[in-house]
Amino acid sequence: ARRLRPGAARVRNGGARCTLQGFARLQMYAGSGRPLRTRVHHGNVPGVSQAVPRLVTLPHRGRATIVIAYSDVPVGNERRCPTARSLGIRLPGVAGRIVVHIELAPFNRGLLRESPILAGVVRPA
(Lines give C-alpha, C1' and ligand atoms only; values in the text may rest on other atoms or scores of the structure.)
Protein backbone atom coordinates (compact mmCIF):
# COMPACT_ATOMS: atom_id res chain seq x y z
CA ALA A 1 0.00 0.00 0.00
CA ARG A 2 1.23 3.46 -0.82
CA ARG A 3 1.32 5.96 1.97
CA LEU A 4 1.32 9.66 1.14
CA ARG A 5 3.04 12.08 3.46
CA PRO A 6 1.31 15.47 3.30
CA GLY A 7 2.96 18.80 4.01
CA ALA A 8 2.29 22.44 3.29
CA ALA A 9 4.24 25.41 2.01
CA ARG A 10 2.78 28.71 3.15
CA VAL A 11 3.54 32.09 1.67
CA ARG A 12 2.82 35.54 3.06
CA ASN A 13 2.47 38.66 0.94
CA GLY A 14 4.98 41.27 2.11
CA GLY A 15 3.97 43.83 -0.49
CA ALA A 16 0.88 45.46 -1.91
CA ARG A 17 -2.33 43.54 -2.59
CA CYS A 18 -1.80 40.92 -5.30
CA THR A 19 -3.48 37.94 -6.93
CA LEU A 20 -2.26 34.42 -7.59
CA GLN A 21 -3.82 31.62 -9.58
CA GLY A 22 -2.67 28.19 -10.65
CA PHE A 23 0.06 25.86 -9.54
CA ALA A 24 3.54 26.69 -8.33
CA ARG A 25 6.60 25.26 -10.05
CA LEU A 26 8.50 23.00 -7.65
CA GLN A 27 12.13 21.86 -7.70
CA MET A 28 13.87 19.73 -5.07
CA TYR A 29 17.53 20.35 -4.18
CA ALA A 30 20.18 18.26 -2.41
CA GLY A 31 22.06 19.66 0.59
CA SER A 32 24.81 20.76 -1.82
CA GLY A 33 22.27 22.83 -3.78
CA ARG A 34 22.30 20.42 -6.73
CA PRO A 35 18.87 20.02 -8.36
CA LEU A 36 17.28 16.60 -7.85
CA ARG A 37 14.89 14.84 -10.18
CA THR A 38 11.48 16.37 -9.48
CA ARG A 39 8.24 15.27 -11.10
CA VAL A 40 5.04 17.09 -10.17
CA HIS A 41 1.44 15.92 -10.50
CA HIS A 42 -1.09 18.76 -10.22
CA GLY A 43 -4.18 18.05 -8.17
CA ASN A 44 -5.39 14.81 -6.61
CA VAL A 45 -3.86 15.68 -3.23
CA PRO A 46 -5.43 13.71 -0.37
CA GLY A 47 -7.42 15.91 2.00
CA VAL A 48 -7.69 18.79 -0.49
CA SER A 49 -11.06 19.03 -2.21
CA GLN A 50 -10.07 21.90 -4.51
CA ALA A 51 -8.43 20.50 -7.64
CA VAL A 52 -9.11 23.41 -10.01
CA PRO A 53 -7.12 26.63 -9.55
CA ARG A 54 -9.11 29.65 -8.37
CA LEU A 55 -8.08 33.28 -8.18
CA VAL A 56 -6.56 34.02 -4.75
CA THR A 57 -6.38 37.66 -3.68
CA LEU A 58 -3.76 38.39 -1.04
CA PRO A 59 -3.88 41.66 0.88
CA HIS A 60 -0.67 42.95 2.47
CA ARG A 61 0.41 40.23 4.96
CA GLY A 62 -2.23 37.86 3.54
CA ARG A 63 -1.39 34.15 3.36
CA ALA A 64 -1.76 31.35 0.85
CA THR A 65 -0.97 27.63 1.04
CA ILE A 66 0.29 24.96 -1.34
CA VAL A 67 -0.31 21.42 -0.07
CA ILE A 68 2.34 18.93 -1.20
CA ALA A 69 2.26 15.16 -0.73
CA TYR A 70 4.63 12.36 -1.66
CA SER A 71 4.96 8.62 -1.19
CA ASP A 72 7.62 7.22 1.12
CA VAL A 73 7.07 3.67 -0.18
CA PRO A 74 9.40 2.29 -2.90
CA VAL A 75 7.88 1.66 -6.34
CA GLY A 76 9.07 -1.17 -8.58
CA ASN A 77 12.79 -1.84 -8.12
CA GLU A 78 13.52 1.37 -6.20
CA ARG A 79 15.70 0.68 -3.15
CA ARG A 80 16.21 4.23 -1.97
CA CYS A 81 15.76 7.75 -3.22
CA PRO A 82 17.84 10.90 -2.82
CA THR A 83 16.83 13.11 0.09
CA ALA A 84 16.04 16.71 -0.75
CA ARG A 85 17.13 19.28 1.83
CA SER A 86 15.26 22.20 0.24
CA LEU A 87 12.42 22.93 -2.13
CA GLY A 88 12.38 25.78 -4.64
CA ILE A 89 8.94 27.29 -5.24
CA ARG A 90 8.13 29.60 -8.15
CA LEU A 91 4.69 31.20 -7.89
CA PRO A 92 2.83 31.91 -11.14
CA GLY A 93 3.31 35.49 -12.28
CA VAL A 94 5.92 36.24 -9.59
CA ALA A 95 9.59 36.80 -10.40
CA GLY A 96 12.15 34.75 -8.52
CA ARG A 97 11.72 31.76 -6.30
CA ILE A 98 11.20 31.00 -2.64
CA VAL A 99 13.45 28.38 -1.08
CA VAL A 100 12.02 26.35 1.79
CA HIS A 101 14.42 24.27 3.88
CA ILE A 102 12.66 20.95 4.27
CA GLU A 103 13.56 17.27 4.15
CA LEU A 104 11.76 15.27 1.44
CA ALA A 105 12.50 11.77 0.16
CA PRO A 106 9.83 10.92 -2.41
CA PHE A 107 9.88 7.59 -4.17
CA ASN A 108 8.34 6.98 -7.62
CA ARG A 109 11.20 8.84 -9.30
CA GLY A 110 10.80 12.06 -7.29
CA LEU A 111 7.02 12.42 -7.67
CA LEU A 112 5.32 15.21 -5.71
CA ARG A 113 1.56 15.82 -5.72
CA GLU A 114 0.66 19.48 -5.51
CA SER A 115 -2.56 21.37 -4.81
CA PRO A 116 -3.36 24.61 -6.57
CA ILE A 117 -2.58 27.75 -4.61
CA LEU A 118 -5.17 27.94 -1.81
CA ALA A 119 -6.33 31.04 0.03
CA GLY A 120 -5.39 31.32 3.71
CA VAL A 121 -3.68 28.83 5.99
CA VAL A 122 -4.71 25.29 5.07
CA ARG A 123 -3.64 22.31 7.15
CA PRO A 124 -3.16 19.06 5.22
CA ALA A 125 -5.28 16.11 6.33
Side-chain angles (χ1 to χ4, degrees):
R2 293 190 184 167
R3 183 176 64 182
L4 292 178
R5 299 180 61 93
R10 294 182 185 92
V11 295
R12 182 178 7 203
N13 181 11
R17 178 184 175 121
C18 69
T19 57
L20 297 170
Q21 184 173 8
F23 293 91
R25 289 180 29 210
L26 306 176
Q27 175 64 56
M28 295 186 295
Y29 295 93
S32 65
R34 178 179 54 88
L36 296 174
R37 181 177 190 172
T38 306
R39 297 184 318 125
V40 180
H41 177 85
H42 294 152
N44 197 20
V45 177
V48 177
S49 60
Q50 181 183 331
V52 177
R54 295 187 184 129
L55 188 65
V56 174
T57 300
L58 292 178
H60 176 68
R61 300 187 58 81
R63 292 183 175 204
T65 302
I66 302 162
V67 178
I68 301 165
Y70 67 93
S71 174
D72 62 356
V73 176
V75 174
N77 63 356
E78 289 180 312
R79 299 274 184 256
R80 62 183 204 89
C81 57
T83 299
R85 302 290 181 201
S86 61
L87 181 68
I89 301 171
R90 291 188 188 272
L91 298 171
V94 177
R97 69 178 174 166
I98 301 164
V99 176
V100 177
H101 296 283
I102 187 170
E103 191 168 299
L104 300 169
F107 280 97
N108 199 359
R109 299 182 327 267
L111 179 65
L112 302 175
R113 294 181 184 274
E114 171 192 20
S115 76
I117 297 168
L118 306 169
V121 174
V122 176
R123 304 212 186 288

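Every heavy atom of this structure was used, including side-chain atoms; hydrogens, water molecules and symmetry mates were not.
Atoms SG and CG, from C18 and L91 in turn, are 8.5 Å apart once rounded to the nearest 0.5 Å. Rounded to the nearest 0.5 angstrom, M28 CE and Y70 OH are separated by 9.5 Å. Atom SG of residue C81 and atom CZ of residue F107 lie 4.0 Å apart, to the nearest 0.5 angstrom. Distance check: R10 CZ to L118 CG gives 10.5 Å after rounding to the nearest 0.5 Å.
Qualifying side chain to side chain donor-acceptor pair (under 3.5 Å) partners for R37, counting only residues two or more places apart in sequence or in other chains: none. Every residue meeting the side chain to side chain donor-acceptor pair (under 3.5 Å) condition with R97, not counting sequence neighbours, appears here in chain and number order: Y29. Listed by chain and number, the residues in a side chain to side chain donor-acceptor pair (under 3.5 Å) with H42 are E114 (sequence neighbours excluded). The salt bridge (charged side-chain N to carboxylate O under 4.0 Å, His left out) search around R85 returns E103, not counting sequence neighbours.
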Do any side-chain atoms of residues 55-66 form donor-acceptor pairs under 3.5 angstrom with protein atoms, and if so which ones, sequence neighbours left out?
unit_1 : atom_1 : unit_2 : atom_2 : d
H60    : ND1    : G15    : O      : 2.9
T65    : OG1    : G120   : O      : 2.7
T65    : OG1    : V122   : N      : 3.1

Result block: side-chain N/O donor-acceptor pairs under 3.5 angstrom for residues 46-54, not counting sequence neighbours:
unit_1 : atom_1 : unit_2 : atom_2 : d
Q50    : OE1    : R54    : NH1    : 3.3
Q50    : NE2    : V52    : O      : 3.1

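Proximity of L87 to I68: side-chain heavy atoms (C-beta onward) are separated by under 4.5 Å at one or more points. When side chains are defined from C-beta on, P92 counts as touching I117, because their heavy atoms get closer than 4.5 Å. Taking the side chain as every heavy atom from C-beta outward, P106 and L111 never approach each other to under 4.5 Å.
Taking all atoms of both residues into account, the shortest heavy-atom contact from P6 to P124 is CB-CB, 3.6 Å.
No path of Ile, Leu, Val, Met, Phe, Trp and Tyr side chains, each step under 4.5 Å between heavy atoms, connects V67 with L26, placing them in separate hydrophobic clusters. Hydrophobic clustering (ILVMFWY, side-chain heavy atoms < 4.5 Å, transitive): V121 and V45 are in distinct clusters. Following chains of ILVMFWY side-chain contacts shorter than 4.5 Å, one cannot reach V11 starting from V99, and the two form parts of different hydrophobic clusters.
The backbone N or O of L36 lies less than 3.5 Å from a partner atom in the side chain of T38, making a donor-acceptor pair. With hydrogens and angles ignored, the 3.5 Å screen pairs no side-chain donor or acceptor of Q27 with any backbone N or O of I89.
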For R113 and V40, what are the C-alpha separation, side-chain angles and deciding distance, and is it a side chain to side chain contact (heavy atoms under 4.5 Å, CB included)?
CA-CA 6 Å; R113 294 181 184 274; V40 180; over 6 Å; no
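A 6.0 Å sphere centred on CZ of R39 holds more than 12 heavy atoms belonging to other residues, nucleotides or ligands.
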